[in-house]
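Report on the structure given below.
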Amino acid sequence: MDANDLVGRMTEAYGDDVACVARSHKRVYASLAPEHLLAVFDWLMEEVPGLRFGTSTCMDLREGIGVFHHLPVNGTPLVITLKVVAPKPDPRVPSLTPRVPAAGWIEREMADMVGVVFEGHPEPYRLVKAESFPDTFPLRRDFDVARFKEDIGEQPDF
Amino acid sequence: MSSPTSSPAPTERRVVQIGPFHPLLEEPVGFSLGVEGETVVDVDARMDYIHKGIEILAQQRTYDMLPILLERICGICSVTHSVCFCNAAEDLLQVEIPPRASYIRTIIAELERVHSHLLWVGLAGHFIGYNTVFMWAWKYREPVCDVFEMLTGHRQNSALPMVGGVRRDIPEKYFDEARKTLDMVDGKVQMLTDAVLDDPVLAARLKGVGVLTPEEVMAWGVVGPTARASGVDTDVRRDEPYAAYAELDWDVCTTPNGDVFDKAVVRLLELKESIKILRQCFDNMPSGDLNLGTLHMPRGEGIGRYEAPRGEDIHYLRSNGTNMPERLKVRAPSYTNIASFKASCIGEKISDVTITLAACDPCYSCTERAAVVRGDGDQPERTFGDLVRLSQAETRRLASEMGRLPDLQLK
């Protein structure tokens with residue numbers, strides 16, 4: 001499927017809800033609100049044959065916590081990126097894991113690292129952080145390393 | 001077989017802990033297998049026992065330093081991560097690298113694939129008790145690593161890729177020597193492939209074990225040879241050609257059944273294709289520039305994909321216009337392939353789990369320490385060595401039933 005073609009069909013189906021842009025013939029980036037994520041993902045799974053869940057990136061942005069789902073399409077150079085931004089201080093994004101089990105681990109990892117709550121995740125437990133890790137999020141920009149070392153019982157400077 | 005306990009009643013649920021640490025391979029994972037009798041009924045995994053913090057380190061390195069750091073993500077796929085990052089940066093910049101650089105990247109990538117697949121063939125042979133395969137595969141992996149050293153100066157970390165090309169040239173005076181090694185390895189791979197395909201014990205042992213259906217492959221996002229063994233036709237080298245793959249003549253290998261046997265066959269066939277690609281690269285090496293010089297990285301984002309020996313590697317790069325990335329996300333292929341154990345291991349016998357787990361070639365440092373945990377406090381140890389012995393005993397049982405030696409008969 002051609003990138004520009006896909007952008008046209010997505011804009012036709014969702015209008016202003018999805019800000020969709022093709023950076024090149026093989027990269028499509030679509031920004032949307034968290035409440036539209038599941039509908040757009042279902043639509044893509046139905047419309048684009050060979051679409052699979054690749055991975056996700058989480059980022060602490062100025063406007064909130066960014067969760068970018070990267071969806072490659074088998075047999076084509078196309079990678080579709082769905083970008084949602086969940087406002088702080090209580091970022092919540094619907095979970096894709098009930099639809100694709102491949103999202104299970106990466107969503108748990110993102111919950112550990114930046115503290116996004118994935119609503120509807122079937123196994124919302126820690127994956128990356130140890131049980132003894134304090135309830136802070138290492139990839140947040142306000143992560144305080146000195147405070148973290150105090151919490152786990154190390155001297156701030158050693 | 002020296003199993004420490006008598007067989008439990010089939011309904012008794014036990015938990016077998018596998019992992020988390022093993023010094024042989026680089027990615028520690030802890031598995032908890034829920035076992036009823038000899039059948040696995042549940043798999044749970046814990047990750048990141050050695051969290052290296054590469055993603056946060058990457059935000060503190062310049063673009064020129066990053067390929068050197070990213071080579072050290074993995075002990076085997078060192079070319080994978082550095083070239084994948086360069087693909088991401090070049091996607092951001094929208095530039096094409098010079099032809100000689102793309103050929104050099106192809107050569108180091110395929111040499112890496114050959115030695116990685118040979119390593120897997122050896123390990124898989126060991127897990128089912130075919131130690132001849134282990135010895136032979138690893139013996140012929142050595143000269144491939146030597147070729148890598150001749151061309152780049154190091155057996156693993158070449159330090160060649162950089163954003164916009166490669167850092168140094170590779171010496172053409174060693175191409176003849178490399179061709180000779182390839183001819184030798186090609187013959188041995190052919191011999192191994194024929195022996196594996198002909199061997200009735202291997203077929204009985206591995207066919208129908210650890211099956212992944214195409215639907216499971218898509219649902220779990222499985223990539224690489226593990227997906228191609230289930231008939232899912234995906235290969236980044238063809239789908240989104242980077243380096244020189246678009247100009248070369250080679251095929252994507254797929255097999256239909258999705259069991260461990262097919263995963264072995266796909267890798268053996270891919271070895272032949274890799275050797276074919278390498279020969280074409282040595283013969284058609286273009287001359288010219290090695291890189292595009294110093295590049296200014298603008299604001300923006302890019303996604304790099306790369307077909308690692310284990311499957312598709314993805315890097316997401318976001319730049320804020322400075323000389324360091326704002327965010328670099330790395331997804332290695334094993335991350336999705338290991339998660340699919342939930343689909344491939346459930347319902348298998350515990351003697352088949354070792355080879356099923358090994359079949360996706362995980363970066364697999366997990367299986368050294370395993371203990372059977374019983375609720376009543378009577379705790380017999382079941383180590384990874386015991387699991388391998390169980391797996392090998394199953395092969396021996398099959399072989400003696402068929403009246404054959406429990407090892408590969410090489411011609």
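Labels below follow one simple rule: chain letters A, B, ... track the order of the sequence lines, proteins then strands, and each chain is numbered from 1.
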Side chain proximity check, B:E301 to A:R23, heavy atoms < 4.5 angstrom: yes
Reported NZ-to-CD distance for the pair B:K329 and A:E109, which is rounded to 0.5 angstrom: 4.0 Å
Under 4.5 Å from any heavy atom of chain B - which part of A:I106: both
Closest contact, heavy atoms only, B:R327 versus A:C58: NE-O, 2.7 Å
Selection from A:T55, A:V100, A:L51 maximising heavy-atom pairs under 4.5 Å formed with chain B: A:T55
Engaged part of A:L61 at the chain B interface, taking heavy atoms whose separation is under 4.5 Å: side chain
Interatomic spacing from OH in A:Y29 to CD1 in B:I303 - rounded to 0.5 Å: 4.0 Å
Structural part of A:T76 lying under 4.5 Å from a heavy atom of chain B: backbone
Region of B:D91 in contact with chain A, defined by heavy-atom distances below 4.5 Å: side chain
Value rounded to 0.5 Å, distance of CH2 in A:W105 from OH in B:Y335: 7.0 Å
Contact origin within A:T81 toward chain B - heavy atom pairs under 4.5 Å: side chain
Which of B:I56, B:T234, B:L328 touches chain A most, by non-hydrogen pairs under 4.5 Å: B:T234
Chain B interface, residue from A:P77, A:G104, A:G54, A:A103 that has the most non-hydrogen pairs under 4.5 Å: A:P77
Atom pair CG (A:L139) and CD (B:Q59), whose distance is rounded to the nearest 0.5 Å: 7.0 Å
Atom group of A:Y125 that falls short of 4.5 Å from chain B, counting heavy atoms: neither
Residue among B:A219, B:G300, B:G221 with most heavy-atom pairs under 4.5 Å to chain A: B:A219
Contact leader toward chain A among B:V222, B:V217, B:D239, where contacts are heavy-atom pairs under 4.5 Å: B:D239
Steps toward side chain to side chain contact (heavy atoms under 4.5 Å, CB included) verdict (B:E55, A:M113): CA-CA 11 Å; B:E55 290 180 13; A:M113 300 309 271; over 6 Å; no
Part of B:V236 within contact of chain A (heavy atom distance under 4.5 Å): neither
Check: A:H70 and B:R331 side chains under 4.5 Å, non-hydrogen atoms: no
Pick from B:Q94, B:R318, B:K342 with the largest number of heavy-atom pairs that fall under 4.5 Å of chain A: B:R318
Side chain, backbone, both or neither of A:V79 within contact of chain B (heavy atoms, under 4.5 Å): side chain
Interface moiety of B:V223 toward chain A, non-hydrogen atoms closer than 4.5 Å: side chain
Pairwise distance CZ(A:R52) to OG1(B:T336) - rounded to 0.5 angstrom: 7.5 Å
More than 12 heavy atoms from other groups under 6.0 Å of CD on A:E63: yes
